[in-house]
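First up is the structure itself, then whatever we jot down about it.
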Amino acid sequence: MVVLSHQTTLNQFFLVNSCKPITTTTTLSTKIPEVNLFDPEAKTLIVKACQEFGFFKLVNHGVPMEYMTNLENEAHRFFKKPQSEKDRTGPPDPFGYGSKRIGSNGDVGWVEYLLITTNPDVISPKSHFIFQQNPQNFRYAVEGYVGAVKRMCYEVLELMADGLGIKQRNVFSRLVKDEKSDSCFRLNHYPPCPEVEALNRGNLVGFGEHTDPQIISVLRSNTTSGLQIYLRDGSWLSVPPDHTSFFINVGDTLQVMTNGRFKSVKHRVLADTTKSRLSMIYFGGPPLSAKIAPLPSLLSTQEESLYKEFTWCEYKKAAYNSRLGDNRLKPFEKSSG
């Protein structure tokens with residue numbers, strides 16, 4: 001757990017790590033789009049949500065609730081361990097346990113996390129060590145949950161293709177289904193921080209604003225709020241938590257493949273003063289060698305491709321060498337030369 005014992009320590013954390021509290025403006029009149037996976041109109045509603053928000057809430061998704069609660073219980077059990085035990089599964093390489101530091105470029109947040117590869121072909125000593133150091137129940141909980149979420153994710157991606165009128169409905173899902181898919185799974189724990197309320201200095205950043213570089217992100221959290229998405233009018237919209245549902249994010253790669261029709265959503269997490277937030281995110285990525293470019297079937301006769309072609313490996317490397325809040329796609333836009 002990220003524990004601070006008194007106000008002086010917290011002030012030092014702000015100063016040393018540049019993790020400054022922020023003041024948030026939220027829009028109350030805007031509602032998060034909600035899609036029932038088995039609604040006959042799901043494909044149309046998904047496309048509309050991805051175009052307008054890059055984000056939607058998915059209900060009636062078919063993932064058993066027991067998978068979610070089992071994993072949540074196992075995750076809490078891990079994060080409650082003594083710090084010395086958790087540190088044995090870190091530092092992240094990028095897989096493994098991390099605390100406060102996000103990536104290697106100076107970004108920080110009021111968070112501790114586990115990052116695990118979901119590709120059995122990827123040799124990750126840290127992922128293997130995490131499973132080795134925890135009861136077998138932890139591995140079963142992760143594998144059961146991720147397996148169910150993957151299947152749901154494939155269906156969502158195929159509905160996106162249907163909604164866009166693409167004949168090849170697996171044009172997105174095949175990249176994530178590929179045995180070499182570079183996908184991963186993350187557990188984020190945001191401990192409560194009552195000291196922030198006493199300081200009266202605004203909200204503490206749990207995870208700074210960013211977009212996800214992959215094709216799609218599938219998020220589920222406990223009942224603690226904190227997630228916000230950035231709207232086109234420049235305001236931040238707080239996402240009411242729902243532990244029975246999933247939230248789907250459009251990633252940078254999907255924005256490129258749809259030539260900007262779908263918008264990669266900028267989002268962030270604010271830490272709560274009294275309650276811990278636990279979120280679990282599956283990031284569906286393509287194989288490293290996959291070539292990413294706007295789909296020809298989506299380009300009309302007069303429409304220009306907005307992005308240069310690149311491999312996922314090239315984009316991933318560029319993304320992970322950038323700061324969290326950078327516009328990672330800009331160097332890959334054709335207008336940037």
Side-chain angles (χ1 to χ4, degrees), residues 33 35-56 58 61 119 149-183 211-218 232 246-266 282-319 327-337:
V35 178
N36 178 334
L37 187 58
F38 293 96
D39 183 335
E41 295 300 311
K43 64 181 183 181
T44 305
L45 296 172
I46 287 173
V47 167
K48 187 173 188 291
C50 290
Q51 289 174 332
E52 295 178 3
F53 291 85
F55 183 89
F56 61 92
L58 189 68
H61 43 70
N119 184 345
V149 167
K150 277 183 177 181
R151 290 188 290 274
M152 176 198 73
C153 182
Y154 303 153
E155 180 59 28
V156 169
L157 289 169
E158 287 168 6
L159 285 170
M160 287 178 181
D162 290 343
L164 287 168
I166 301 170
K167 288 182 181 178
Q168 187 186 353
R169 76 185 306 256
N170 72 340
V171 68
F172 304 127
S173 65
R174 66 182 175 82
L175 294 169
V176 182
K177 279 182 180 178
D178 193 292
E179 60 181 14
K180 294 188 182 300
S181 160
D182 185 38
S183 299
T211 60
D212 295 334
Q214 292 88 354
I215 295 173
I216 190 172
S217 309
V218 182
R232 290 181 182 179
F246 290 96
F247 293 94
I248 309 296
N249 288 17
V250 170
D252 296 344
T253 303
L254 189 56
Q255 177 172 320
V256 171
M257 294 182 75
T258 60
N259 206 36
R261 284 173 175 76
F262 289 1
K263 301 299 181 186
S264 181
V265 63
K266 188 187 291 185
Y282 168 71
F283 298 96
L288 289 171
S289 61
K291 291 181 179 178
I292 308 300
L295 298 172
S297 56
L298 284 180
L299 297 178
S300 61
T301 312
Q302 302 299 319
E303 188 175 353
E304 292 287 332
S305 169
L306 299 178
Y307 302 95
K308 307 166 189 173
E309 182 179 272
F310 53 85
T311 65
W312 166 241
C313 183
E314 289 168 338
Y315 187 63
K316 181 182 178 181
K317 189 179 293 184
N327 181 351
R328 297 160 169 170
L329 275 177
K330 191 162 185 61
F332 295 89
E333 293 173 359
K334 284 197 169 176
S335 59
S336 68

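Checking side-chain atoms of Asn36 against main-chain N and O of Phe38 turns up a donor-acceptor pair under 3.5 Å. Of the possible polar contacts, none joining the Ser173 side chain to the Glu155 backbone as a donor-acceptor pair under 3.5 Å is found. Side-chain N or O atoms of Asn170 include none that pairs as donor or acceptor with a backbone N or O of Leu157 at under 3.5 Å. Side chain of Ser183 to main chain of Gly285: a donor-acceptor pair is present (N/O by atom type, distance under 3.5 Å, no hydrogens or angles).
For the pair Phe172/Ile216, no side-chain contact is recorded, criterion being any heavy-atom separation below 4.5 Å from C-beta on. Lys334 has its side chain out of reach of Leu306: every pair of non-hydrogen atoms, C-beta onward, lies at least 4.5 Å apart. Using a 4.5 Å heavy-atom threshold, the side chains of Asp182 and Pro286 count as separate. By the 4.5 Å heavy-atom criterion applied to side chains, Trp312 and Pro287 are not counted as neighbours. The shortest side-chain heavy-atom distance between Val265 and Val250 does not fall under the 4.5 Å cut-off. Phe262 places none of its side-chain heavy atoms less than 4.5 Å from the side chain of Met257. Between Thr253 and Pro213, every side-chain heavy-atom pair lies at or beyond the 4.5 Å cut-off. In this structure the side chain of Asp252 never reaches within 4.5 angstrom of the side chain of Phe332, judged on heavy atoms.
Heavy atoms only, all atoms of each residue included: Tyr307 and Gly260 are closest at CE1-N, 4.1 Å. When all heavy atoms of Val218 and Met152 are compared, the pair lying nearest together is CG1-CE, 3.5 Å. Contact between Arg169 and Asp162 at its shortest, heavy atoms only, is NH2-OD2, 2.7 Å. When all heavy atoms of Asp212 and Ser217 are compared, the closest pair comes out as OD2-OG, 2.7 Å. Looking at every heavy atom in both residues, Gly251 comes nearest to Ser264 through C-OG, 3.4 Å. Contact between His61 and Leu37 at its shortest, heavy atoms only, is O-CD2, 3.5 Å.
The cationic atom of Lys177 (NZ for Lys, CZ for Arg) lies less than 6.0 Å from the six-membered ring centre of Tyr154 and within 45° of the ring axis.
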side-chain contact (heavy atoms from CB on, under 4.5 Å) between Met160 and Leu254, intermediate numbers included: CA-CA 10 Å; Met160 287 178 181; Leu254 189 56; 3.7 Å; yes
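Of the listed residues (Leu164, Thr44, Ile46, Leu45), just one forms a side-chain contact (heavy atoms from CB on, under 4.5 Å) with Leu159, and that residue is Ile46.
Residue Lys316 holds its NZ atom at 8.0 Å from CD of Gln214, rounded to the nearest 0.5 Å.
The side-chain hydrogen bond (donor to acceptor under 3.5 Å, both in side chains) test applied to Thr258 returns no partner, not counting sequence neighbours.
When the shell of 6.0 Å around CD of Glu303 is examined, it contains more than 12 heavy atoms from other residues, nucleotides or ligands.
Taking 4.0 Å as the cut-off between side-chain N and carboxylate O, Lys308 and Glu314 do not count as a salt-bridged pair.
Classification of the Phe55-Phe247 ring pair by plane angle, with boundaries at 30° and 60°, yields parallel.
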Would you mind writing out the side-chain donor-acceptor pairs for residues 47-54 within the sub-3.5 Å range, not counting sequence neighbours?
{"from": "Lys48", "atom 1": "NZ", "to": "Glu52", "atom 2": "OE1", "distance (Å)": "3.4"}
{"from": "Lys48", "atom 1": "NZ", "to": "Glu52", "atom 2": "OE2", "distance (Å)": "3.2"}

